[in-house]
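Note sheet for the following structure.
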Number of protein chains: 2
Amino acid sequence: MTSTPSEPPRRPLTLRDVSEASGVSEMTVSRVLRNRGDVSERTREKVRAAAKELGYVPNKIAGALASQRVNLVAVIIPSMSNMVFPDVMTGITEVLDGSGLQPVIGITGYRPEKEEQVLYEMLSWRPSGVIIAGLEHTDASRAMMQNADIPVVEIMDVDGKPIDSMVGISHRRAGREMAKAIIKAGYENIGFLGTKMPLDHRARKRFEGFTEALAKAGLEIQDKEFYSGGSALAKGREMTEAILKRSPELDFLYYSNDMIGAGGLLHCLSKGIDVPGQIGLAGFNGVELLQGLPVQLATMDAGRSEIGRKAAEIIIRRNTPDQDHAPERLEISPVIQFGETLKRRRK
Amino acid sequence: MTSTPSEPPRRPLTLRDVSEASGVSEMTVSRVLRNRGDVSERTREKVRAAAKELGYVPNKIAGALASQRVNLVAVIIPSMSNMVFPDVMTGITEVLDGSGLQPVIGITGYRPEKEEQVLYEMLSWRPSGVIIAGLEHTDASRAMMQNADIPVVEIMDVDGKPIDSMVGISHRRAGREMAKAIIKAGYENIGFLGTKMPLDHRARKRFEGFTEALAKAGLEIQDKEFYSGGSALAKGREMTEAILKRSPELDFLYYSNDMIGAGGLLHCLSKGIDVPGQIGLAGFNGVELLQGLPVQLATMDAGRSEIGRKAAEIIIRRNTPDQDHAPERLEISPVIQFGETLKRRRK
DNA sequence: TTGAAAGCGCTAACAG
DNA sequence: CTGTTAGCGCTTTCAA
């Protein structure tokens, strides 16, 4: 709202205003508005009426300073446009709703300095907890979380040493298991397609686990293709076309995410390539999108919403007095969905 | 972090700690940490060293209470999983970055009561502005925003009366223009497919504009199909199959979003239906995803990131002293992308 | 260039 | 059940 110059600059309403309007002490007004302590029904009514009438919105800044309590939970994630973090957020929100705690989201764009900055900003509001994606942080970020003396839950990944609690899957293991499934199905000439993102540690770990398991079976990746930026679906098509042109002997393509995998699948379908006969495909994440494709892409459900729920539960538990406040480490087991693009090959 | 029982409960660091560690008054420490006022280089050094050494993170709660200034901007959107709001967020973040203001995101799930609750929660932190999706709010929400006396920018939609500023497109007009383009291309038996979401006002307005323009040309929608929940892509396939089975005479399908449109397109392709010869298709939003499809779906780019940028600019301007603080109303013009699914038909 | 005092709006703790 | 007092940790304001 813009005030016309003549209006006196409106002073935000305070407890005192409600107190005066209702003829009840500030303290009692505060009690009513927070549902704390015993207040007679008559008084409550009066106070609530006055507060509503005036349109009073409490000042949590002052409240938080006085009570040393903040009902905010900092959630720090790399990206929103990812299909994966929205699911995590849904899980977090589900659990936090009704707990009195409120998630506040910060985005890092996969950049450690930005993460540090967002973290600093959020910690300066003294939240009741931090949920943060990944185990890799700058020393400064790590130190801040250590010193904050609030519950910290690192999510998505369990391959590393957490600051406090963690909930996630082992991406190394995920990569290994997918490799084993592919080998078991009889594929031998395997290509890898992924993002050119050195800072996406989870993708990197899956790749490492994948190659490791192949090596154990005496195999290695025949060809690779990486992309950055642009529409993942389109990139998936392009990369698939490119890699198959370059290495026609490939009989399996492992994609680092479902979106490029879907692009690859669409490419194969449009070229009339026999999937999974001539070539098998698999992605990663288990995104809902896949259900809409004409053929079900093999993938691995990373349990995203469960991760969100568990993380939120830990934060709540750690904020409950008289509870065990030990760090919790929780490994979720991802589940391979074979779909129709990863099937035993006839020799 | 969990303290072992023997550790004394750590008291969060305060300015005073830095003051004592550096031998400089609290006030001067505060000046250094905020880069305010003149402080000798020597003193600055000392203070910064002490702060870093201790790992001091300022308490913004106390700072905000004292200064009556909060660098937070409340951003209230219905959903994250939508493909549309991430783009808006990107625009907002781009502009806010480096302005000293920080976006804080709240999610309403398209539910007015939830919006009210999120708004109340956020306003109680006295942010420097509100960016909120849509023009439809409960009376209580509206009143809160009126009374907050901070800049409020309603985004996405301009068909209605804003509380203060607004930036968006006219969805009614968007619907009308798509109808005109379809008619002009020679299609006559038009079907509509959309979400069963009475609270998605923008989708509703597009539908209204669409039918209105058809009516003006003496046409009306021949058949409709609605969905809720599930994978939009999959629903697009299913609905398209259903509507074409029921009404084989249809020669155009207008989808209320690109995701179901893409599903419809995939269905048609897999059935060997001639698009756009036998049947034309169009979606809405201009999402990046479309670029990966084998055929380019007609759509309308709603200028999402521009909306985000403009909204953020307004918030910044309104927080700059000595600027014109009049409400701003900005209509973005959406652009039809004809793709390959909306083309003049040969008679 | 630095410091001291006052107080932001609320709640913890205690008294009645 | 209700009220009083004393801060929470900073910044504003004023004085040195």
Side-chain angles (χ1 to χ4, degrees), chain A residues 9-48 50-51 54 56-71 100 121 123-128 148-149 321, chain B residues 9-48 50-51 54 56-71 100 121 123-128 148-149 321:
Chain A
R10 231 181 315 175
R11 181 182 50 72
L13 294 167
T14 68
L15 257 193
R16 162 170 235 120
D17 296 307
V18 183
S19 165
E20 283 169 1
S22 61
V24 176
S25 78
E26 283 186 47
M27 195 55 234
T28 300
V29 172
S30 167
R31 287 196 183 96
V32 174
L33 267 22
R34 286 178 300 145
N35 293 311
R36 280 293 151 72
D38 293 322
V39 180
S40 74
E41 193 48 48
R42 222 181 92 60
T43 314
R44 305 180 93 81
E45 296 284 296
K46 265 198 301 192
V47 170
R48 276 203 268 260
L54 294 173
Y56 173 68
V57 176
N59 184 333
K60 289 225 183 200
I61 298 171
L65 183 61
S67 67
Q68 310 278 43
R69 227 188 311 283
V70 176
N71 70 335
E121 179 71 23
L123 287 181
S124 72
W125 288 99
R126 302 290 187 263
S128 289
D149 208 37
Chain B
R10 230 181 316 174
R11 181 181 51 72
L13 294 167
T14 68
L15 257 191
R16 161 171 237 121
D17 296 308
V18 182
S19 165
E20 283 168 1
S22 62
V24 176
S25 77
E26 282 187 47
M27 194 55 238
T28 300
V29 172
S30 167
R31 286 195 184 98
V32 173
L33 267 22
R34 286 176 300 146
N35 294 309
R36 281 292 150 72
D38 294 321
V39 179
S40 73
E41 193 48 48
R42 221 181 96 57
T43 315
R44 307 179 90 81
E45 296 285 296
K46 266 198 300 194
V47 170
R48 276 202 269 259
L54 295 173
Y56 173 68
V57 176
N59 184 331
K60 288 225 183 200
I61 299 171
L65 183 61
S67 66
Q68 310 277 45
R69 228 188 308 285
V70 176
N71 71 336
E121 180 70 23
L123 288 180
S124 72
W125 287 100
R126 302 289 187 263
S128 288
D149 209 37

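A note on names: the letters A, B, ... follow the listed sequences, proteins ahead of strands, and every chain is numbered from 1.
If you run side-chain contact (heavy atoms from CB on, under 4.5 Å) between A:Ser22 and each of A:Leu54, A:Val47, A:Asp17, A:Thr43, only A:Val47 comes through.
Rounded to a whole Å, the CZ atom of B:Arg31 is 10 Å from the P atom of D:dT12. B:Leu13 has its CG atom 16 Å from the C1' atom of D:dC8, to the nearest Å. Following rounding to the nearest Å, B:Leu33 (CG) and D:dG9 (P) show an atom-to-atom distance of 16 Å. To the nearest angstrom, P of C:dC10 lies 17 Å from CG of B:Asn59. When the C1' atom of D:dT12 is taken as reference, atom CD of B:Glu26 falls 14 Å away, rounded to whole Å. Atom pair A:Met27:CE and C:dG9:P shows a separation of 17 Å (rounding to whole Å applied). Straight-line distance from the CD1 atom of B:Ile61 to the C1' atom of D:dC8: 10 Å, rounded to whole Å. What separates CZ of A:Arg16 from C1' of C:dT11 is a distance of 15 Å, to the nearest Å.
Out of D:dC8, C:dT2, D:dG3, the shortest distance to the side chain of A:Thr28 is found at D:dG3. Of all nucleotides listed (C:dT2, D:dT2, D:dG9), C:dT2 comes nearest to the side chain of B:Val39.
At the phosphate of D:dG9, neither OP1 nor OP2 sits under 4.0 Å from any side-chain N or O atom of B:Tyr56. Between B:Arg11 and D:dG9 there is no side-chain polar atom (N or O) within less than 4.0 angstrom of OP1 or OP2. Between B:Ser30 and D:dC10 there is no side-chain N or O to OP1 or OP2 distance below 4.0 Å. Contact between the side-chain N/O atoms of A:Ser67 and the OP1/OP2 oxygens of C:dC10 is not found at any separation under 4.0 Å.
Within the nucleic acid shown, B:Arg69 comes within 4.0 Å of sugar-phosphate atoms alone, with no base atom in reach, counting heavy atoms only. At a threshold of 4.0 angstrom between heavy atoms, the contacts of A:Asp38 include nucleobase atoms, whether or not backbone atoms are also involved.
Between the A:Ser128 side chain and the A:Val70 main chain, a donor and an acceptor come within less than 3.5 Å of each other.
In this structure, B:Leu65 and B:Ser40 both approach DNA chain C, and ranking their closest nucleotides by distance from the 5' end singles out B:Ser40.
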